[in-house]
Engineer: 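Below is the structure I would like to discuss, written out as structure tokens.
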Amino acid sequence: MGILVSVFRLLAGLYILVVSVPALLALLGFAAPMLDLFNHLQLLLFFGTLAALIIALPLFGLRRLATWLAMAGFIASAAIFVPEWLSSLAPRAAAGSAQIVKLVTHNVFGLNDDMQRVAAVIAAENPDIVALQEYFPQQVQGLDRLLRPDYPYSVRCAGGKRANLGLYSKIPFDREMGGEDCPTDYDWDRGQRTAHIIAGFTLANGAHFSVLTTHMDWPYPIERQQAEFAEIASAVRAVEGPMLVVGDFNSTPWSYALKGFAAASGLERETRNLLTYPELFTFRGMRQAIPFLALDQVFQRGLVVHELHRGAESGSDHLPVVVSFSVAP
């Protein structure tokens, strides 16, 4: 019996070490971008360190290092995770008499071939504007004809791995960006790796706003994503007036990297603790998963967001994000 208790304590100590050390290192991510990678897993670290503390208190008591390590890890994770969670509970401004615009942003997923299902999810939300990421040429053939009757205005990028984007609208464009930022030469290996679409709109009440959609690379290599953040921040600063920025940022709101992008671009993030990935994972076919990463973001400048929620499953590994907003007076 004594051997079993010793083994259990050893395993518990290893578990405490595995979850608490990354939580402590993540807190220092502002100084070392490599450590910021741990912040993308803050949902797992928060509940992992909470479990570690619950295990440590009765097993080791307050006199053992393991308990203090678990406590330190939990406090470090909570310092990052809890403010984000609390901010998601804040009420949003009522719409009143403002003219509401509804937008759906969605990573379609390159392995998703059920465009009827994607179109049905979009139709159920009935947005004014649809922003699509990971929207490959083979998917365009099926989805474009389904969206065109309701969304006659559109623009598309078709470049490298992250540069396949689409923007559909019921509202006419009054400004559409040039081809240097939105490639149409699809080439997975040699094409432009990332891209962004910017379009301007004028509403019936005369209010004007712009929409930018993009798709970033994963956080590693760090320098690559930093360069992409800098490029989009520069594009945002070059556009005057109210603006909505949406897309798959492959970065969570717990990271210093995404906080830095918001500061550099002058945008305010509206997606709060919104878990959208992975809805599916690939292992001997597609398997259902539970999202634990908040990768799909909505930012704004000069707008009022009245409602924001996740959309229904569409056969993608991402859930759509639906946002209703108005142009601020």
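Heavy-atom basis, side chains included; hydrogens, waters and symmetry copies ignored.
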Engineer: For Arg310, check salt bridge (Lys or Arg N to Asp or Glu O under 4.0 Å) against everything at least two apart and list the hits.
Structural biologist: none

Engineer: Just how far is it from atom CZ of Phe201 to atom OG of Ser169, taken to the nearest 0.5 Å?
Structural biologist: 4.0 Å

Engineer: Sequence neighbours excluded, which residues qualify as side-chain hydrogen bond (donor to acceptor under 3.5 Å, both in side chains) partners of Lys161?
Structural biologist: none

Engineer: Taking atom CZ of Arg64 as the centre, does the number of heavy atoms from other residues, nucleotides or ligands within less than 6.0 Å exceed 12?
Structural biologist: no

Engineer: Can you tell me if Ser87 uses its side chain to pair, donor with acceptor, with the backbone of Arg272 under 3.5 Å?
Structural biologist: no

Engineer: Look at Lys259 together with Glu84 and state whether they make a salt bridge at an N to O cut-off of under 4.0 Å.
Structural biologist: no

Engineer: Determine whether Tyr151 and Ile198 fall in the same hydrophobic cluster, where Ile, Leu, Val, Met, Phe, Trp and Tyr are linked whenever their side-chain heavy atoms lie under 4.5 Å apart.
Structural biologist: no

Engineer: Centroid separation under 6.0 Å, is that true for the rings of Phe46 and Phe74?
Structural biologist: yes

Engineer: Please say yes or no: joined through hydrophobic side-chain contacts below 4.5 Å, possibly via intermediate residues, are Phe325 and Val322 part of one cluster?
Structural biologist: no

Engineer: Which heavy atom in Lys170 sits nearest to a heavy atom in Pro127, and how many Å separate them?
Structural biologist: CE-O, 3.4 Å

Engineer: Looking at Tyr256 and Ala32, would you say the former's side chain and the latter's main chain have a donor-acceptor pair under 3.5 Å?
Structural biologist: no

Engineer: Between Ile16 and Phe60, is any pair of side-chain heavy atoms under 4.5 Å apart?
Structural biologist: yes

Engineer: Apply side-chain contact (heavy atoms from CB on, under 4.5 Å) to the pair Val101 and Phe209, showing each step before the final yes or no.
Structural biologist: CA-CA 11 Å; Val101 180; Phe209 67 95; 4.1 Å; yes

Engineer: Just so I know, are the side chains of Ile100 and His306 near enough to count as touching, which here means a heavy-atom distance under 4.5 Å?
Structural biologist: yes

Engineer: A quick test of your reading: do over 12 heavy atoms of other residues, nucleotides or ligands sit less than 6.0 Å from CD1 of Ile290?
Structural biologist: no

Engineer: Applying the side-chain contact (heavy atoms from CB on, under 4.5 Å) test to Val298, which of Leu303, Leu274, Thr271, Val245 qualifies?
Structural biologist: Thr271

Engineer: Transitively linked via ILVMFWY side-chain contacts under 4.5 Å: Phe109 with Leu319?
Structural biologist: no

Engineer: Given side-chain contact (heavy atoms from CB on, under 4.5 Å), test Phe38 with His40 step by step and report yes or no.
Structural biologist: CA-CA 5 Å; Phe38 289 119; His40 298 293; over 6 Å; no

Engineer: Check Ala235 against His196 and note the closest heavy-atom contact, atom names and distance.
Structural biologist: CB-NE2, 3.7 Å

Engineer: Is Tyr220 close to Met34 at the side-chain level, that is, under 4.5 Å between some pair of heavy atoms?
Structural biologist: yes

Engineer: So which heavy atom on Gly247 is nearest to which on Thr213, and how close?
Structural biologist: CA-OG1, 4.2 Å

Engineer: Are Leu146 and Tyr153 connected into the same hydrophobic cluster when the rule is that any two of I, L, V, M, F, W, Y join if their side-chain heavy atoms are below 4.5 Å apart?
Structural biologist: no

Engineer: With under 30° as parallel and over 60° as perpendicular, where do the rings of Phe229 and Phe249 fit, or are they tilted in between?
Structural biologist: parallel

Engineer: I'd like to know if the side chain of Thr105 pairs up with that of Gln133 as donor and acceptor (distance under 3.5 Å, no hydrogens or angles considered).
Structural biologist: yes

Engineer: Please answer: with hydrophobic residues joined when any side-chain heavy atoms are less than 4.5 Å apart, are Trp254 and Phe30 in the same cluster?
Structural biologist: yes

Engineer: How long is the gap from CZ on Phe47 to CG on Leu45, to the nearest 0.5 Å?
Structural biologist: 11.5 Å

Engineer: Is a side-chain N or O of Lys102 found less than 3.5 angstrom from the main chain of Glu125, in a donor-acceptor match?
Structural biologist: yes

Engineer: Counting distance only, does the side-chain N/O of Asp217 pair as donor-acceptor with the main-chain N or O of Gln225 below 3.5 Å?
Structural biologist: no

Engineer: Evaluate the side-chain proximity of Arg92 to Glu270: yes if any heavy-atom separation is below 4.5 Å, no if none is.
Structural biologist: yes

Engineer: Checking the side chain of Arg301 only, and the main-chain atoms of Val236 only, is there a donor and an acceptor separated by less than 3.5 Å?
Structural biologist: yes

Engineer: Do the side chains of Leu43 and Trp85 get nearer than 4.5 Å, heavy atoms only?
Structural biologist: no

Engineer: Step by step, would you call Gln42 with Thr252 a side-chain contact (heavy atoms from CB on, under 4.5 Å)?
Structural biologist: CA-CA 9 Å; Gln42 277 295 349; Thr252 70; over 6 Å; no

Engineer: Under a 4.5 Å cut-off applied to non-hydrogen side-chain atoms, are Arg162 and Asn250 in contact?
Structural biologist: yes

Engineer: Nearest 0.5 Å, please: how far is CG in Leu132 from NE2 in His215?
Structural biologist: 12.0 Å

Engineer: Atom OG in Ser154, atom CG in Leu147: separation rounded to 0.5 Å?
Structural biologist: 9.0 Å

Engineer: Can Leu17 and Leu69 be said to form a side-chain contact (heavy atoms from CB on, under 4.5 Å), step by step?
Structural biologist: CA-CA 8 Å; Leu17 190 69; Leu69 180 60; 3.8 Å; yes

Engineer: At their closest point, which heavy atom of Pro137 faces which heavy atom of Asn164, and how far apart are they?
Structural biologist: CD-OD1, 3.8 Å

Engineer: Any side-chain donor paired with an acceptor under 3.5 Å for Glu240 and His208?
Structural biologist: no

Engineer: Treating Thr67 as the side-chain partner and Leu62 as the backbone partner, does any N or O pair qualify as donor plus acceptor under 3.5 Å?
Structural biologist: no

Engineer: Please determine, by modelled atom types, if Glu279 and Gln288 share a side-chain donor-acceptor pair under 3.5 angstrom.
Structural biologist: yes

Engineer: Answer yes or no: is there an ion pair linking Arg117 with Glu313, defined by an N-O contact shorter than 4.0 Å?
Structural biologist: yes

Engineer: Measure across Pro320 and Val121 and return the closest heavy-atom pair with its distance rounded to 0.1 Å.
Structural biologist: CG-CG1, 4.0 Å

Engineer: What residues form a ring-ring contact (aromatic ring centres under 6.0 Å, His included) with Tyr168, not counting sequence neighbours?
Structural biologist: none

Engineer: Rounded to the nearest 0.5 Å, how far does CG of Asn112 lie from CG of Asp317?
Structural biologist: 8.5 Å

Engineer: Quick one: OG on Ser88 to CG on Leu86, what's the gap to the nearest 0.5 Å?
Structural biologist: 7.5 Å

Engineer: Mind listing the closest non-hydrogen atom pair of Ala199 and Leu167 along with its distance?
Structural biologist: CB-CD2, 3.6 Å

